[in-house]
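Everything numeric here is computed off the predicted structure, so don't read it as measured data. Numbers here are sequence positions counted from 1.
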Amino acid sequence: MSRKEALSQFIQQIHGRPVVVKLNSGVDYRGVLACLDGYMNIALEQTEEYVNGQLKDKYGDAFIRGNNVLYISTQKRRN
């Protein structure tokens, strides 16, 4: 499996699931992945903003520009 195929498969697996998006600034956004494009632009639903591990704000939908993204990872489902 090529690297591109592996990435595509990962994106398909996490679509609609809870994720953590870490920005270059150190801020974390946690929410349900609604959309992700080839530029790492990310749309989240049920979004929460964390600064230094502390919840700072809650948003409905949020859009994050890909050039600000350090990484994206899955998280356990919320109860």
Side-chain angles (χ1 to χ4, degrees):
M1 178 181 300
S2 74
R3 200 170 172 173
K4 187 175 181 179
E5 291 170 334
L7 179 59
S8 178
Q9 185 178 10
F10 172 72
I11 291 169
Q12 289 175 356
Q13 289 175 348
I14 65 172
H15 186 267
R17 299 196 57 204
V19 295
V20 176
V21 179
K22 180 83 163 188
L23 303 187
N24 295 326
S25 65
V27 176
D28 292 348
Y29 287 91
R30 300 176 190 179
V32 177
L33 181 66
C35 186
L36 174 67
D37 70 11
Y39 296 102
M40 281 296 278
N41 294 319
I42 299 169
L44 295 177
E45 299 171 341
Q46 304 170 28
T47 310
E48 297 176 338
E49 178 183 40
Y50 288 81
V51 178
N52 297 323
Q54 300 291 319
L55 177 63
K56 291 296 178 187
D57 212 340
K58 292 185 178 186
Y59 309 100
D61 297 337
F63 179 80
I64 302 169
R65 285 191 55 187
N67 63 335
N68 295 314
V69 175
L70 182 62
Y71 68 80
I72 182 171
S73 67
T74 59
Q75 70 175 24
K76 294 180 181 175
R77 289 207 181 264
R78 297 179 187 171
N79 294 330

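The CG atom of Leu23 sits 8.5 Å away from atom CD of Glu49, with the distance rounded to the nearest 0.5 Å. Here the straight-line distance linking atom CG of Asp61 with atom CD of Glu45 works out to 5.5 Å at 0.5 Å rounding. We find the CD-NZ distance between Gln46 and Lys58 to be 10.5 Å, quoted to the nearest 0.5 Å. Rounded to the nearest 0.5 angstrom, Ile72 CD1 and Leu36 CG are separated by 5.5 Å.
Other members of the hydrophobic cluster containing Tyr50, listed by chain and number, are Leu55; membership follows side-chain contacts under 4.5 Å among ILVMFWY residues, whether direct or relayed.
Summarising the local packing, CD of Gln54 is surrounded by 12 or fewer heavy atoms from other residues, nucleotides or ligands at distances under 6.0 Å.
Hydrophobic clustering, with ILVMFWY side chains joined whenever heavy atoms are under 4.5 angstrom apart, keeps Val27 apart from Leu70. Hydrophobic clustering places Leu33 together with Tyr59 (ILVMFWY residues linked when any side-chain heavy atoms are closer than 4.5 Å, directly or through intermediates). Val20 and Ile42 fall into different hydrophobic clusters, defined by Ile, Leu, Val, Met, Phe, Trp and Tyr side-chain heavy atoms under 4.5 Å apart, directly or through other members.
Although no hydrogens or angles enter the test, the distance criterion places a donor-acceptor pair under 3.5 Å between the side chain of Asn24 and the main chain of Asn67.
Under the side-chain hydrogen bond (donor to acceptor under 3.5 Å, both in side chains) criterion, Lys56 pairs with no residue at all, not counting sequence neighbours.
Ile64 is not listed as a side-chain neighbour of Thr47, based on a closest heavy-atom distance of 4.5 Å or more.
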